[in-house]
Amino acid sequence: MVVDVEPSDSPDDLRRKASTVRPTPRQVAWQRQELTAFVHFGPNTFTDLEWGTGVDDPAVFDPSALDCSQWVRTLVSAGFKSVILTAKHHDGFCLWPSRYLPHTVAASPYRGDVLASLAEACREHGLGLGLYLSPADLYQEKAPGGYYGNGSPVVSSEIPSLDHGGARFRYDVDDYNRFYLNQLYELLTEYGPVAEVWLDGANPTSSAQGYAYEAWFDLIRQLAPDATIAVGGPDVRWVGNEDGLAREAEWSVVPFAGGEMVAAQSAAAVAGPAELLRADQLRWYPAEVDVSIRPGWFYHVAEDAAVKSLPELLDIYRKSVGRNAVLLLNIPPDRRGLFASPDVERLAEFGAAVREYYDTEVELPGTFNVIGLRENIESGQQVESFAVDALVNDSWTEIATGTTIGHRRLLPLPEPVSATAVRARILSTRGAADITLSVHHDPTVPLPGVEPGPEPSESPV
Ligand code: FUL
């Protein structure tokens, strides 16, 4: 939902207007998932690269024991609600046998359809399916006759270009955008419901190629009305770093001017009072935190010993889910096409810890070291600052203060508190806030040495 603001609006008018902005039902459903998995898989898995070349031989893609149901079972038991697969990464190789190019699984020794196997496992185990379709495409840039940046004219085009036996659409687009729309059409009509379409902003190509975003968004809305369009799209924004770190004050109501976010996605503040003053429009635009369980996005055997520890993952959980964002955690399958055992073990520990420490509340009287707060985001995001008090030896003591809450806020305490009761005080709010308070105990808190330093650094997205 979008709310217009006027140059004459005072800071209080702006806060009042911000308090009226609401998420769409698809954004509410997206946020309540809290945990989404990312799966980077493709030629890079076999060439040990992070960014492929576009001219990788499809023969390299040769998983010996691919089993998407192993991924899905591992993810479901760790509490993930959906999974986003790199159907096409920047190298342009497709994990499904697209009709629109030869550079796909069909030309590999594997020959199967990875996306179809994943979609089937997701259906069987009740996991949502999301798709990463890289806008940048090195194969289309480098292959003879490739479309990326070929300077072709914009012409009225029917989508899909080949007859798939379903509905047809018409857009004014150039060759690459027609190709991209045809791929979206395949992905959104042949694999069942899609929960999220992830449009990466990174661009390793050298050619200038414009993206027909309005046509892409229109086609996605027509074919997958429940799918969120993330990062390069209107429903979900990139948090601005790939370290697993949302901001202390992570607003979902974001100021825009001239159709762009007022602040850069990676700025220290994107929606504070200073940004509100520069807005001509306010939109519900929540943050997604993408981070890998390993140093790289793709599997590298050399990183088997560098899988993030349980305390690190729980720290990321508190700083993403616990800071009003969705955590998009990447787990890359290995050359067999399976999640490797260090990752499987860590995910099992992570799922058990989230259930025990965060899905379960400490009953009072009791001892806790994490405060949990939630706003019902169907009523927007309202709280600007709050304090929490504990009743210790019959007297109320302030034990924590914070800024925003949003869907969920998890606030670790410097040391455990034993109390008979707790209460939250809203110190400042944009409008009527609908909040709940809980307390938790996480034995990995405090985690020395991993408190965030300065706010997020720039990343390739
Ligand atoms: C970045 C890409 O360049 C990386 O390879 C990875 O896919 C990450 C999630 O997004 O922009």
Side-chain angles (χ1 to χ4, degrees), residues 30 35-54 56 60-61 71 75 80 82-95 114-115 118 129-142 148 180 183 187 195-207 209 211 213 216 228-233 235-246 264-266 287-300 302-303 306-308 313 316 320 325-334 339 343 456-461:
W30 172 86
L35 292 176
T36 300
F38 221 168
V39 171
H40 278 66
F41 189 46
N44 296 347
T45 311
F46 302 88
T47 54
D48 235 356
L49 295 176
E50 276 292 308
W51 278 5
T53 61
D56 315 287
V60 300
F61 186 81
W71 314 350
L75 295 173
F80 288 82
S82 56
V83 57
I84 299 177
L85 175 70
T86 54
K88 177 185 82 167
H89 200 250
H90 308 327
D91 54 65
F93 180 83
C94 298
L95 294 183
V114 180
L115 188 54
L118 179 60
L129 176 67
L131 299 168
Y132 172 116
L133 184 68
S134 172
D137 188 323
L138 288 159
Y139 175 78
Q140 290 300 332
E141 183 188 51
K142 292 182 182 173
Y148 197 92
Y180 194 91
Q183 293 211 310
L187 295 175
E196 184 163 350
V197 179
W198 215 84
L199 301 177
D200 198 324
N203 191 2
T205 59
S206 53
S207 310
Q209 168 66 59
Y211 299 143
Y213 282 116
W216 300 2
T228 44
I229 311 176
V231 181
D235 300 316
V236 170
R237 81 187 139 89
W238 180 51
V239 77
N241 68 84
E242 293 176 335
D243 307 322
L245 192 59
Q265 290 185 322
S266 55
E288 184 169 51
V289 172
D290 61 319
V291 62
S292 187
I293 197 166
R294 291 163 170 253
W297 293 102
F298 286 88
Y299 177 83
H300 308 287
E303 294 179 353
V307 173
K308 289 185 171 60
L313 286 181
I316 286 173
S320 53
V326 164
L327 172 57
L328 175 57
L329 181 68
N330 179 64
I331 306 98
D334 63 15
F339 286 170
D343 311 61
S457 56
E458 295 267 359
S459 113
V461 174

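Read the numbers this way: they start at 1 and go in the same order the structure lists the ligands and their atoms. Given the structure is predicted, the values throughout are model-derived calculations rather than measurements. Counting begins at 1 with the first residue of the sequence.
- Summarising the geometry of Ser292 relative to Leu329, their closest heavy-atom pair is C-CD1, 4.2 Å, with the distance given to 0.1 Å.
- Atom numbering of ligand 1 starts at 1 in the shown order; those under 4.0 Å from a heavy atom of Ala202 are 3 (O), 11 (O).
- The closest side-chain heavy-atom distance from Tyr180 to Lys88 is below 4.5 Å.
- Of the options Thr36, Ile84, Leu131, a side chain to side chain contact (heavy atoms under 4.5 Å, CB included) to Trp198 is made by Ile84 and by none of the others.
- Every atom of ligand 1 is numbered from 1 in the order shown, and the set under 4.0 Å from a heavy atom of Trp51 is 2 (C), 3 (O), 4 (C), 5 (O).
- For an aromatic pair to be called close, the ring centres must be under 6.0 Å apart, and Trp71 with Phe41 satisfies this.
- At least one N or O atom of His90, backbone or side chain, sits closer than 3.5 Å to an N or O atom of ligand 1.
- In the vicinity of Asp290, heavy-atom distances shorter than 4.0 Å reach the ligand 1 atoms 9 (C).
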### Query
Step by step, would you call Glu50 with His40 a side-chain hydrogen bond (donor to acceptor under 3.5 Å, both in side chains)?
CA-CA 10 Å; Glu50 276 292 308; His40 278 66; over 6 Å; no
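- For an aromatic pair to be called close, the ring centres must be under 6.0 Å apart, and Phe61 with Phe46 satisfies this.
- Leu49 contributes atom CG, which lies 12.5 Å from atom NE2 of His90 (distance to the nearest 0.5 angstrom).
- Close approach to Asp200 involves these atoms of ligand 1, each under 4.0 Å from a residue heavy atom: 1 (C), 2 (C), 7 (O), 8 (C), 10 (O), 11 (O).
- Close approach of ligand 1 to Tyr132 (heavy-atom distance below 4.0 Å) involves ligand atoms 7 (O).
- Heavy-atom distances between Phe298 and ligand 1 stay at or above 4.0 Å for every pair.
- In the vicinity of His40, heavy-atom distances shorter than 4.0 Å reach the ligand 1 atoms 6 (C), 7 (O), 9 (C).
- In summary, the atoms of ligand 1 found under 4.0 Å from a heavy atom of Phe38, numbered by their order in the structure, are 9 (C).
- The ligand atoms of ligand 1 that sit less than 4.0 angstrom from a heavy atom of His89 are 4 (C), 5 (O), 6 (C), 7 (O).
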